[in-house]
**Student:** 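One structure follows; several queries about it will come next.
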Amino acid sequence: MALLKILEPGQTIAPQQRRIALGIDLGTTNSLAATVRDGRAEVLQAPEGGVLLPSAVYYGADGLLTGRQALARLGDSPQNTLQSFKRMMGRGREDVAHSGYRLAKSEGGMLRFDTAAGEISPVQASAEILKALAAQGVETLGAELDGVVITVPAYFDDAQRQATKDAATLAGLKVLRLLNEPTAAAVAYGLDSGQEGVVAVYDLGGGTFDISILRLHRGVFEVMASGGDSALGGDDLDRAIVDWSVSELGLDEVSDTQYLLALAAARRVKESLSEQHQAGLEIFGQALSLSREQLEKLIQPLVKRSLRSCRRALRDAGVSSAQVEQVVLVGGSTRVPLVRAAVAEFFGREPLFSIDPDTVVAVGAAIQADVLVGNKPDQELLLLDVIPLSLGLETMGGLVERIISRNTTIPVAKSQEFTTYQDGQTAMAIHVLQGERELSADCRSLARFELRGIPPMVAGAARIQVTFQVDADGLLGVTAREQATGVQSSITIKPSYGLAEDEIASMLKASWEHAGKDLQARQLAEQRVSGQQLLQSLQNAIGADAGLLNADELQKLQAAMAELGNLLNVCEDSAALKGAIEALGRHSEAFAARRMDATISRALTGVSIDELDAGKVGES
Ligand code: ADP
Ligand code: MG
């Protein structure tokens, strides 16, 4: 089944019309681009040598620099040398606790760095990296680019994906598709044309760890689960070495600058210990020597932490480690022998490591870009991702009705019918929520909009279909449609800022911890809603047919209603409320029966019920 149409029917491409596309790995620490030429993926050389462009931009009063040139200014101009801005893409000020940078107090809550060249957003800084890589591509390939595929972490939410697209637009690039980093890595190994099965992608970079469980099914990748740790990476290994040095040298206090310089030295010794068994280390002006065994002891706890994330991701995906058929290693830190050994032991198989873990994501993106730009019209490749947290709507009583569950593969569209709560209700508020908790107050609010123009009907008669649609890039659109008249209203969700992976993790954790409490809260809220509904309908009935009750009966019924009304406000016990609601229901049964009889006899005598009702209301 061709799910992804690349060309219009009948359209073909002559060989000379071959289109130019890049795959771009826009990393936290390093970025790079790759392309497919003569059927082979090749990584572009960075202008400064090597293939990695450090994801750093210098915004000084004297101009703009990217990559290694920008890093060279870190010493004399740290506040103007931006790094790690990928972590702040699509995020608000309040999302970022400590960036180390001076932040501008801008409106709208979006985060901006305060630099000598003005206020700079993470999107702008990313755009500079993209521009530098695109320029490299144009120079290497001698032609303008037709499009790019940019990779993003599997856990990136709507806002972070949108911010990445915005950066590409700002750089003047056409985005063919955003692609999840682990999926790109699996494509680079050609796993998409291999055996069906489960693939784990273990990505340990500079500052983040990502684990993704993918499933290949009929040539299509589906992300079954993604997880990780946004504060675990090579930088932590460097810090472990520095901390060890501090205690080894018996230092009491080190300045920030000393610490920064020590980190650079630690990084060098760490990288050489991936090849050698012993290495010297010039740190804090003194000489130390570190063995691979010592290093392994220092970093063991960090490696174990990554394995815990792996275990959690497997559980989320509902598979055991034995069911994983291939393990792919991504990220510079997987060069550490202990990391490789630990991953091999955990999954019980040798991981794939033949493609440079620094470039494997860009290579996969380039292969995908080549297909998407139209160079391989006969190839069908649809890569599926999952949504990280459930999406739903707020319903009466502040409850959440889940429409799309977390870890559902995208693209996806799901609909559910809702109805009105009050008689004659002509508008409905739609509140879109993200999260796993039962109460809307505990979930994250993504958007609110209204459906207006619902024809007035009795409560519960209107049929409003709400459709949630998440496109292939992970962007959410919500549409509400009244079925009888076809009036509809919709919204595309671009939240002003997103969630970090650790926030997702903490929301999930909260949902597990509060599962019992949430269930009680939900039951209580449900009883409150049904109690209110009963009171409202009895009120309407009394308004219409009070004459069917004698004074004593009316007074008793109203007293019982007042009692329930009071109980609904104060009682926290859903079972007790349920009992009270049922009791009032029984109490009012005779009244309901009399109303039914009256309606029938009115109909038989041919008198309009409306006339009678109007008269009754007037009397009472
Ligand atoms: P990101 O995905 O965050 O941009 P990378 O995948 O480029 O990061 O990984 C950068 C990290 O890899 C750094 O911490 C670096 O020290 C580490 N690294 C690179 N080469 C080696 C090596 N040979 N041995 C150990 N760590 C390495
Ligand atoms: Mg990376």
Side-chain angles (χ1 to χ4, degrees), residues 394-399 401 417-431 450-464 480 482-485 487 523-574 576-620:
E394 177 172 344
T395 58
M396 282 307 298
L399 293 173
E401 184 70 28
E417 264 191 18
F418 292 86
T419 189
T420 46
Y421 173 70
Q422 277 174 345
D423 288 347
Q425 187 178 340
T426 58
M428 187 167 184
I430 313 273
H431 185 193
E450 280 188 353
L451 175 66
R452 298 193 161 276
I454 302 171
M457 290 180 234
V458 292
R463 283 167 53 227
I464 290 142
E482 199 286 307
Q483 298 293 70
T485 55
V487 290
Q523 286 169 342
L524 184 61
E526 276 171 357
Q527 291 309 327
R528 287 198 171 135
V529 170
S530 73
Q532 295 292 358
Q533 274 173 329
L534 176 62
L535 288 180
Q536 188 60 50
S537 69
L538 282 175
Q539 203 60 57
N540 293 350
I542 292 174
D545 288 325
L548 296 176
L549 298 171
N550 65 36
D552 182 45
E553 284 169 336
L554 181 61
Q555 192 256 323
K556 277 197 179 131
L557 181 60
Q558 283 174 329
M561 285 166 64
E563 196 182 322
L564 179 64
N566 189 32
L567 213 53
L568 290 178
N569 288 329
V570 299
C571 179
E572 299 283 330
D573 180 348
S574 67
L577 273 187
K578 189 161 183 271
I581 293 165
E582 284 168 357
L584 181 61
R586 282 193 300 275
H587 185 118
S588 59
E589 264 168 20
F591 179 38
R594 263 182 250 168
R595 291 192 77 212
M596 181 102 73
D597 293 345
T599 309
I600 293 168
S601 63
R602 273 172 217 152
L604 291 177
T605 54
V607 183
S608 150
I609 296 168
D610 288 345
E611 281 169 35
L612 269 177
D613 277 356
K616 286 273 157 48
V617 172
E619 280 162 24
S620 61

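Heavy-atom basis, side chains included; hydrogens, waters and symmetry copies ignored.
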**Student:** Do Arg452 and Val487 have side chains that get closer than 4.5 Å, going by heavy atoms?
**Tutor:**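 No. Closest side-chain heavy atoms not under 4.5 Å.
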**Student:** Under a 4.0 Å N-O cut-off, is there an ion pair linking Glu526 with Lys578?
**Tutor:**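 So Glu526 does not pair with Lys578 through a salt bridge.
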**Student:** Which atom pair, heavy atoms only, marks the closest approach of Cys571 to Ala576?
**Tutor:**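 Between these two residues, the closest heavy atoms are SG-CB, 4.0 Å.
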**Student:** Any side-chain heavy-atom pair from Glu582 and Arg586 closer than 4.5 angstrom?
**Tutor:**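 The answer is yes; the side chains approach within 4.5 Å.
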**Student:** What I'd like to find out is whether the side chain of Met428 reaches to under 4.5 Å of the side chain of Tyr421, using heavy atoms alone.
**Tutor:**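 Met428 does not reach Tyr421 side chain to side chain.
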**Student:** Where the side chain of Asp545 meets the backbone of Arg595, is there a donor-acceptor pair that is under 3.5 Å apart?
**Tutor:**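 Absent.
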**Student:** Would you confirm whether Thr419, through its side chain, and Ala462, through its main-chain N or O, come within 3.5 Å as a donor-acceptor pair?
**Tutor:**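 Flag set: sc Thr419 to bb Ala462 pair under 3.5 Å.
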**Student:** Can you name the residues that form a side-chain hydrogen bond (donor to acceptor under 3.5 Å, both in side chains) with Gln422, not counting sequence neighbours?
**Tutor:**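 Counting only residues at least two positions away or on another chain, Gln422 forms no side-chain hydrogen bond (donor to acceptor under 3.5 Å, both in side chains).
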**Student:** Which atom pair, heavy atoms only, marks the closest approach of Leu557 to Ser588?
**Tutor:**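 Nearest heavy atoms, Leu557 then Ser588: CD1-CB, 4.0 Å.
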**Student:** Identify, with sequence neighbours excluded, every residue that meets side-chain hydrogen bond (donor to acceptor under 3.5 Å, both in side chains) alongside Glu482.
**Tutor:**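 So Glu482 forms a side-chain hydrogen bond (donor to acceptor under 3.5 Å, both in side chains) with Thr485.
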**Student:** To the closest 0.5 Å, what do you measure between OG1 (Thr420) and CD1 (Ile464)?
**Tutor:**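 Spacing of OG1 (Thr420) from CD1 (Ile464) equals 6.0 Å.
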**Student:** So do Ile542 and Met561 actually touch side chain to side chain, heavy atoms under 4.5 Å?
**Tutor:**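 Sidechains of Ile542 and Met561: in contact.
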**Student:** Could you grab the distance from atom CD of Gln523 to atom CG of Asp573, nearest 0.5 Å is fine?
**Tutor:**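 Answer for the CD-CG pair, Gln523 versus Asp573, is 10.0 Å.
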**Student:** Can you tell me how far the CD atom of Glu401 sits from the OG1 atom of Thr395, to the nearest 0.5 Å?
**Tutor:**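 Output value for this atom pair is 6.0 Å.
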**Student:** Might you point out which heavy atoms bring Ala459 and Asp423 nearest each other, and give the distance in Å?
**Tutor:**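 Heavy-atom minimum between the residues: N-OD1, 2.6 Å.
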**Student:** For atom CD of Glu450, is the number of surrounding heavy atoms from other residues, nucleotides or ligands below 6.0 Å larger than 12?
**Tutor:**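 Check passes, neighbour count above 12.
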**Student:** Step by step, would you call Glu572 with Arg528 a salt bridge (Lys or Arg N to Asp or Glu O under 4.0 Å)?
**Tutor:** CA-CA 10 Å; Glu572 299 283 330; Arg528 287 198 171 135; 3.7 Å; yes
**Student:** Locate the shortest heavy-atom distance separating Leu549 from Leu554; write the atom from each residue and the value.
**Tutor:**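 Heavy atoms of Leu549 and Leu554 come nearest at CD1-CD1, 4.0 Å.
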**Student:** When rounded to the nearest 0.5 angstrom, what is the spacing between CD in Gln558 and CG in Leu538?
**Tutor:**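 Reported to 0.5 Å precision, the distance equals 10.5 Å.
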**Student:** Any chance you could measure Arg463, atom CZ, to Met457, atom CE, to the nearest 0.5 Å?
**Tutor:**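 Atom-to-atom, Arg463:CZ and Met457:CE are 9.5 Å apart.
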**Student:** Would you say Glu553's side chain and Asn550's backbone share a donor-acceptor pair under 3.5 angstrom?
**Tutor:**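 Judged by distance alone, yes, a pair lies under 3.5 Å.
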**Student:** Taking the side chain as C-beta and beyond, is there a heavy-atom pair between Ser530 and Ile581 under 4.5 Å?
**Tutor:**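 When only atoms from C-beta onward are counted, Ile581 and Ser530 do touch, with a gap below 4.5 Å.
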**Student:** Distance check, rounded to the nearest 0.5 Å: Leu564 atom CG versus Leu568 atom CG?
**Tutor:**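 Answer rounded to 0.5 Å: 4.0 Å.
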